[in-house]
Amino acid sequence: MLIGILGGGQLGRMLALAGYPLGLRFRGLDPNADAPLGQVAELVVAPYDEWQALQRFAVGLDHVTYEFENVPGSTAEFLAAHLPVSPPPEALIRSQDRLEEKRLFQECAIPVPRYAPVSGPHDFAQALDIIPLPALLKTRRLGYDGRGQAHIRSPEELPLAWERLGRVPCLLEELVPFEYEVSLLGVRSRRGEVAFYPLVENRHVEGILAISRAPAPRASTALQTAAQRYVEALLHRLEYVGVLAVEFFVRGDRLLANEMAPRVHNSGHWTIEGAETSQFEQHLRAILGWPLGSTAPRGHSAMINLLGVVPPIESLLALPNTHVHLYGKEPRPRRKLGHVTIRADSAHHCDELLQQVLELVPFFRDGHSEGRG
Ligand code: AMP
């Protein structure tokens, strides 16, 4: 069976690596010739909207999925007219626009931070009336890893920030004084089977995911149940097929949804070693209508992203219970070059090993503190 993957990043590479033991083959599509998936699978190098290249990509495929959420919706819809494409293009399209995404959450009765659309200067006064400062101005489209966002501390900053973000449609969003951030990965198969991984606690640095801990040490059973209820509503509303990640802010026993990713997710990398079935294998099982695997955690896991610089591999491998994944990408500041997963039998041991890894990782050693940058 030949699976086509739109996007050739590390997520595509890990999907392929999980699919080979199941007898699957892969072909990627990516505009960059050095996309990591190309190291392990056939890669069609072309823009996502070049129709002739899309036809070449589609020849002989049994199924199409995507690993990059900014693949044009029209590309997914074009392919869906000829081939099974999952997750459904509607999930991709709604997740590409923060306003559409928030409306979808609200349709599913999922609480979200207060927000107001800001498409131009005529919206400034009303948005400032509704949203207390400090707040965040976020572009509706193409924001990721903290890009496309500006802090607004006083009303005068709003016009300047809107100019700086490129005079594009934005949202003004309340700055949530959250205690911590979590994500929930849910999965729904072509046959309608649904499963959830344990909540993951995520720490961001300058808007980029830096560390995940799973199962989330501070999350109660009630929080897990609430998150599952929200994600299940989305899975059903979208007639979703595949892995869906939803990120939440936590305040006490309340969850506020921040955003969703209709694909395998960085906060699920720990599942490769830390769960009975990895998110990558699970996604493939789901889209092919195969039985889902167990989502049970194997003890406690921590995942550390290697951002911008990779420490000497020997230093990481010398630590016990440490698993290194390098994506074969050229180093650039803040770029996700790989990750390390620690697996331990107790939360305490996991935290101890996490500290040892952080001391080796230049990004953390050089004074990047956790929290918003
Ligand atoms: P995003 O690109 O929306 O996922 O934002 C990246 C990170 O910025 C989030 O994971 C949070 O750490 C932080 N952030 C985003 N929106 C808010 C908000 N409304 N209040 C507080 N922090 C936020």
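Positions are given from 1, in the same order as the sequence printed here. In listed order, ligands and their atoms are each counted from 1.
Listed by chain and residue number, Glu90, Glu100, Glu107 satisfy the salt bridge (Lys or Arg N to Asp or Glu O under 4.0 Å) test with Arg94 (two or more places apart in sequence, or in another chain).
Near Leu175, the atoms of ligand 1 lying under 4.0 angstrom from a non-hydrogen atom of the residue are 20 (N), 21 (C). In the vicinity of Arg98, heavy-atom distances shorter than 4.0 Å reach the ligand 1 atoms 1 (P), 2 (O), 3 (O). Within the listing of ligand 1, atoms 6 (C) sit less than 4.0 angstrom from a heavy atom of Gly207.
Taking the charged nitrogens against the carboxylate oxygens, Glu276 and Arg298 do have a contact shorter than 4.0 Å, which makes a salt bridge. Salt bridge annotation for Arg218-Glu179: absent, with no cationic side-chain nitrogen under 4.0 angstrom from a carboxylate oxygen.
The proximity of Leu136 to ligand 1, defined as any non-hydrogen pair under 4.0 Å, is limited to the side chain. Residue-level proximity to ligand 1 for Leu209 is absent, since no heavy atom of it falls below 4.0 angstrom.
Between Thr65 and Phe26 the shortest side-chain heavy-atom distance does not fall below 4.5 Å.
In terms of N/O distances under 3.5 Å, ligand 1 is approached by Val176.
Rounding to the nearest 0.5 Å gives a distance of 11.0 Å between CG of Leu209 and NE2 of His339.
Between atom 4 (O) of ligand 1 and the options Glu181, Lys138, Glu259, Arg203, the minimum heavy-atom separation is to Glu259. Looking at Tyr115, Phe249, Phe248, Tyr180, it is Phe249 that brings a heavy atom closest to atom 23 (C) of ligand 1.
Remark: Arg332 CZ is loosely packed, at most 12 non-hydrogen atoms of other residues, nucleotides or ligands lying under 6.0 Å away.
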